[in-house]
Every structure is written in structure tokens, then in C-alpha cells.
Undergrad: 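My questions all concern the structure below.
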Amino acid sequence: MRKRVIAGNWKMNKTPSETRQFLESVKDRICSAESDVYVFPPLISIPEAVSILKETDVIVGAQNFYYEEKGAFTGEVSADMLIDSGVKAVIIGHSERRDIFGEDDRLINLKLKRAVEKGLTPVLCCGESLEIRESGKTTEFIEGQIRKAFEGLSAEDAGKCIVAYEPIWAIGTGKTATSDQAEEICGSVRNTIKELYGETVSENMSVLYGGSMNAGNAAELVSCENIDGGLIGSASLKDEFADIVKV
Ligand code: PGA
């Protein structure tokens, strides 16, 4: 059966010394037998996180990487560089990368393929804008994002991925999707994966919800049949993250 995943996306928050301070104070409380716990600090804070969490089961991930092996790509880091630093997972296709940094479906697909090939666990994000939700086209839109991201991936490789459904209108707004809304789209993500790769891959894939998840709403969200955990932004920067891990 699929395992629950609780993942903290710190975004551009916490310097290396803030990372040390925070993780020293919560590290014993963010370990869980029931869940796989991930933290995704900013790149520069990753070595601190890896060193503090080395004797725990908490997995350290990166928020981004570039799919090329090496070379003239100023400002970028490769999968091998991350792996050599102790990184085991990577977020791909977050709406902030898509919208602020112009990442398109083609780039996201290349990153997804490379991450899996290198042995990094990808957390692939999808999510609709408020405009798309209001137009009633959310399901088709998310299905399109998933199909484009997984193009060319084998069933075996798809089985190594985690998907996070994060409606853009719920990210950082304090406006969480209702558990019915989140369950509906997480279920349709699983259905798309089933159409692409069959029942075994779809039933084993962890599908997360993200968007203003916190200690108050996490239990209800993760109790839904198709929601296997959360990708948590602002609440993962605080002590509250330890409470979410325990839900
Ligand atoms: P939020 O962010 O929890 O602050 O809404 C979630 C995310 O963007 O991953």
C-alpha cells in the first residue's frame, strides 16, 4: 500500500544558520513511522539540512535542478551535484517555477525524466489557476499537465514519482481547497496515471495535496481516499510542521 508523505517546501526561506536552528529544534519530532517526511530547503541551506538530519529518516530534497549533465548553464545545478550533496528528491513543476520563471511543460518533462534516471524522487506539481477553476475546466487542465509531464516515461519510472496537486489559488493564500475539491482532483490525477500506466502504478503512487495545508486542516485532507499526504509551504517553516507530521 502507498505510504503517507509529508513534505515541507521552504521556498526562498531560511538561511543556513536559520536552517540549523530550526532543524535542531524539530528534528526529533518530525520523524514518523507512518509517513515519509521530506524537507526541501533552499539550495544553499541543503548541506546544513543533510548534516543535521543524517541520523534520522527525514529525506532532504531540492526545490529545483537543471536536466543537463554539466556545462555552460550559469546559475544552475545538476542532478549529480545534488546527489553528491546528499539530496534524494526534487520538486518539479511547482507553479511558482512555471509562472515566475517561465518553466513550460517541455522543460518539466525533461526534468522529470532526468530526475528519475538519476535516482532522485521527483515530486511533480500540477495545479490550476482560479480562472481555470471558475471556467469549469480544472479536470481537463490537470490531466493535460500530467500527460505532458509523463510523456516518454516508462511505467517503471512513473512508479518512482510522487505527484502533488496544488491549486494555485490555494497556495500561500490561506484559502485551502475543501477536502471534496482536493479529493476530486487527486482522484482524477490517479485516474490519468491509471490510463497511462495501469492500475498497479496508479494505486501505488502517492498523490499529495498542497495549498495552505496546516495543522488544523491536514487530518481531514489526508483522510481522503486519494490524498496520501501534503506538500506544505508556510506551515513547514514553523514548529507546526511537527504537528502535521503526526496527523
Ligand atoms: P503553502 O504552499 O502551504 O504556503 O500554501 C504550498 C506550496 O506551494 O507548496
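Side-chain atoms are counted along with the backbone in the values below, which use heavy atoms only and exclude waters and symmetry mates. Each ligand, and each atom within it, is numbered from 1 in the order the structure gives. For the single chain, residues carry numbers from 1 onward in sequence order. As the structure is a prediction and not an experimental result, all values here were calculated from the model.
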Undergrad: Have a look at Arg98 and tell me which of Asp104, Ile168, Ile108 forms a side-chain contact (heavy atoms from CB on, under 4.5 Å) with it.
TA: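 Of all the options given, the one that passes is Ile108.
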Undergrad: Is there a side-chain contact (heavy atoms from CB on, under 4.5 Å) between Leu53 and Val60 once you walk through the steps?
TA: CA-CA 8 Å; Leu53 298 171; Val60 179; 3.8 Å; yes
Undergrad: I'd like to know if Lys160 and Asp157 make a salt bridge, using a cut-off of under 4.0 Å between side-chain N and carboxylate O.
TA: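 Result for this pair is yes, salt bridge flagged.
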Undergrad: Between His94 and Gln63, does a side-chain contact (heavy atoms from CB on, under 4.5 Å) hold up when you go through it step by step?
TA: CA-CA 9 Å; His94 192 282; Gln63 298 169 21; over 6 Å; no
Undergrad: For a quick test of reading the model, state the closest non-hydrogen atom pair linking Leu231 to Cys125 and the distance between them.
TA: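 Heavy atoms only, the tightest pair is CD2-SG, 3.8 Å.
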Undergrad: Share the residues that join Leu107 in a hydrophobic cluster, the rule being Ile, Leu, Val, Met, Phe, Trp or Tyr side chains under 4.5 Å apart at the heavy-atom level.
TA: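 Under the 4.5 Å side-chain rule, Leu107 groups with Tyr66, Tyr67, Phe73, Leu110.
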Undergrad: Could you give the N/O to N/O pairs under 3.5 Å linking ligand 1 and the protein, each with its distance?
TA:
from     : atom 1 : to     : atom 2 : distance (Å)
ligand 1 : 2 (O)  : Lys11  : NZ     : 3.3
ligand 1 : 3 (O)  : Ser212 : N      : 3.4
ligand 1 : 3 (O)  : Gly233 : N      : 2.8
ligand 1 : 4 (O)  : Ser234 : N      : 2.9
ligand 1 : 4 (O)  : Ser234 : OG     : 3.2
ligand 1 : 5 (O)  : Gly172 : N      : 2.7
ligand 1 : 5 (O)  : Ser212 : N      : 2.8
ligand 1 : 8 (O)  : Lys11  : NZ     : 2.7
ligand 1 : 8 (O)  : His94  : NE2    : 2.7
ligand 1 : 9 (O)  : Asn9   : ND2    : 3.4
ligand 1 : 9 (O)  : His94  : NE2    : 3.4
ligand 1 : 9 (O)  : Glu166 : OE1    : 3.3
ligand 1 : 9 (O)  : Glu166 : OE2    : 2.7

